[in-house]
Amino acid sequence: MTTVLEIQDNCQIKSQHDEKSEFKKDVQAGLSKQQKQLTSKYFYDARGSELFNKITTIPDYYLTQSECEILHTNKNKISEFMAGEAFNLVELGPGDASKTQIIMQQFLNDNLTFRYTPIDISLKSLTMLMQRFDREFSNINITPIHADYLQGLTWQSDHSHRRNIVLFLGSSIGNFGPEATNMFFKNLWDILHQDDLLLIGFDLKKDISVLLRAYNDSLGITRDFNLNLLLRINRELGGNFDINKFNHYATYNVYTNAMESYLLSKQQQSVEIESLQTKIVFEAYEPIHTEFSYKYDINLIENIAAANGFRVVKNFKDRKDYFINSLWRVEK
Ligand code: AVI
């Protein structure tokens with residue numbers, strides 16, 4: 001069984017205790033604001049990750065199907081970019097790596113020499129991934145790294161002189177605000193070497209009805225995913241949220257080009273959170289903001305790449321022009 005590499009320099013990997021106290025602090029701060037908010041990074045506990053995996057399979061949530069189509073259609077071209085030398089296939093937040101397997105299988109068919117390095121902050125999801133890979137892809141060299149993305153990449157970059165192709169799939173970048181996005185790319189650029197590649201997913205601006213359907217799916221899974229944030233507060237912080245008294249609401253902001261998700265209190269109510277020793281008062285229809293999902297166009301993608309030291313090598317789109325996987329090269 002492949003072992004997971006733990007990177008704990010500077011104690012950057014948070015212990016469960018640190019994670020819980022950070023969650024507590026963020027919930028306290030977010031729910032005390034005049035405009036209440038919770039951070040979308042807290043969606044992904046075990047149940048939230050399970051619900052998100054379900055979301056990726058439903059037809060209304062077109063993002064995953066569009067990205068799979070792009071990877072299937074262009075896997076040969078992506079493989080051609082990597083031919084000729086041994087390289088590292090590094091993935092930030094692999095999830096179940098089902099999309100990665102599309103490319104990986106092509107690399108294997110083309111007899112390319114590579115090592116797969118999935119980097120994830122969740123040890124549980126890395127371990128599950130490794131168990132599956134040990135069963136299904138025992139011929140692939142893997143170095144799973146349990147660390148935050150930048151820390152894991154730094155380790156990788158310091159320990160291997162091979163060229164890297166970094167995958168950041170699924171429009172995860174869309175959940176960062178504009179400032180955090182630039183900061184993330186600047187850090188990536190600092191860590192990576194000249195000519196390293198980045199293959200990144202961006203969800204494109206499109207007809208608003210399609211966006212609204214994706215974030216208000218007819219099966220109600222996105223609603224459960226959003227409400228799970230309140231259940232997580234109940235489970236981990238001793239809250240007494242009654243999720244029947246909140247509605248999921250997702251809307252599109254035409255000025256910022258982001259889907260915005262909220263939980264709306266259906267009535268005036270107060271909620272107690274034991275471990276915060278706090279009572280939170282909600283007015284009827286008062287919102288809690290829970291997520292931004294930014295949408296892009298080609299100009300914006302090219303500008304973000306150029307502003308952060310990358311050159312766009314190729315944009316791969318699906319047939320409906322819903323999604324882009326953009327291949328960037330590091331220019332130093
Ligand atoms: C993970 N992330 C890219 C998803 C998105 O589309 O913003 C999370 C999600 N939120 C609601 N549905 C899916």
Side-chain angles (χ1 to χ4, degrees), residues 37-68 70-71 91-100 118-122 125 148-149 167-178 180-181 184 198-232 243 246-253 256-264 287-296 300-301 304 318 320 322-326:
Q37 63 176 66
L38 293 168
T39 313
S40 60
K41 71 174 180 185
Y42 293 118
F43 279 146
Y44 303 93
D45 65 349
R47 178 157 188 268
S49 302
E50 210 176 282
L51 286 167
F52 178 65
N53 283 342
K54 258 196 201 160
I55 289 175
T56 63
T57 66
I58 53 182
D60 288 338
Y61 191 74
Y62 60 84
L63 288 83
T64 313
Q65 303 141 52
S66 300
E67 193 172 37
C68 284
I70 295 171
L71 298 176
E91 180 159 28
L92 309 181
D96 66 2
S98 52
K99 286 175 284 189
T100 319
I119 301 175
D120 209 307
I121 195 72
S122 160
S125 82
D148 76 30
Y149 296 158
L167 305 185
F168 194 36
L169 302 178
S171 194
S172 299
I173 193 69
N175 300 129
F176 296 11
T181 297
F184 175 73
L198 172 66
L199 183 68
I200 178 164
F202 290 98
D203 193 22
L204 295 175
K205 293 179 196 171
K206 59 184 61 64
D207 195 296
I208 293 173
S209 62
V210 177
L211 292 171
L212 292 175
R213 256 202 318 278
Y215 290 83
N216 295 283
D217 68 274
S218 52
L219 301 174
I221 300 171
T222 311
R223 177 199 61 214
D224 293 348
F225 175 65
N226 199 8
L227 284 166
N228 179 56
L229 210 41
L230 303 183
L231 292 176
R232 181 171 183 183
I243 58 163
F246 287 85
N247 273 336
H248 163 72
Y249 175 65
T251 185
Y252 185 65
N253 185 325
T256 59
N257 304 303
M259 280 301 302
E260 297 179 354
S261 296
Y262 298 89
L263 290 164
L264 294 184
I288 309 173
H289 174 261
T290 54
E291 186 179 50
F292 290 111
S293 301
Y294 283 89
K295 307 302 166 193
Y296 302 80
L300 181 57
I301 293 170
I304 296 174
D318 62 312
K320 289 183 176 160
Y322 277 0
F323 200 90
I324 276 189
N325 283 106
S326 194

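Atoms within a ligand are numbered from 1 in the order they appear, just like the ligands themselves. Numbering of residues begins at 1 and proceeds along the displayed sequence.
The distance from ligand 1 to the heavy atoms of Asn175 drops below 4.0 Å at these ligand atoms: 1 (C), 2 (N), 3 (C), 4 (C), 5 (C), 7 (O). Per-residue contacts place Ser171 under 4.0 angstrom from the following atoms of ligand 1 (heavy atoms of the residue considered): 3 (C). Atoms of ligand 1 found under 4.0 Å from any heavy atom of Tyr44 (numbered from 1 in listed order, with element): 1 (C), 8 (C). The atoms of ligand 1 that sit less than 4.0 Å from any heavy atom of Gly170 are 3 (C). Per-residue contacts place Phe225 under 4.0 angstrom from the following atoms of ligand 1 (heavy atoms of the residue considered): 9 (C), 10 (N), 11 (C). Those atoms of ligand 1 that come under 4.0 Å of a heavy atom in Ser293, given as number and element, are 5 (C), 7 (O).
A side-chain donor-acceptor contact under 3.5 Å links Lys206 to the backbone of Tyr322.
Closest of all the heavy-atom pairs between Glu291 and Ser40 is CG-CB, 3.8 Å. The shortest non-hydrogen separation linking Thr56 to Asn53 is OG1-O, 2.5 Å.
Between Lys99 and Asp96 there is no salt bridge, since none of the side-chain N atoms of the basic residue sits less than 4.0 Å from a carboxylate O of the acidic one.
At a 4.0 Å cut-off, not a single heavy atom of Phe43 sits close enough to ligand 1 to count as contact.
Between Tyr61 and ligand 1, at least one pair of N/O atoms sits closer than 3.5 Å.
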- Message: Let's go through Asn228 and Asp45 carefully: what are the C-alpha distance in whole Å and the side-chain angles of both, what is the deciding distance for side chain to side chain donor-acceptor pair (under 3.5 Å) to 0.1 Å, and is it a yes or a no?
- Response: CA-CA 9 Å; Asn228 179 56; Asp45 65 349; 3.0 Å; yes
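A tilted orientation is assigned to the rings of Phe225 and Phe43, their planes being inclined by 30° to 60°.
Nearest to atom 8 (C) of ligand 1 among the protein's heavy atoms is Glu291 OE2, 3.3 Å.
Counting heavy atoms of neighbouring residues, nucleotides and ligands inside a 6.0 Å radius, atom OH of Tyr249 does not exceed 12 of them.
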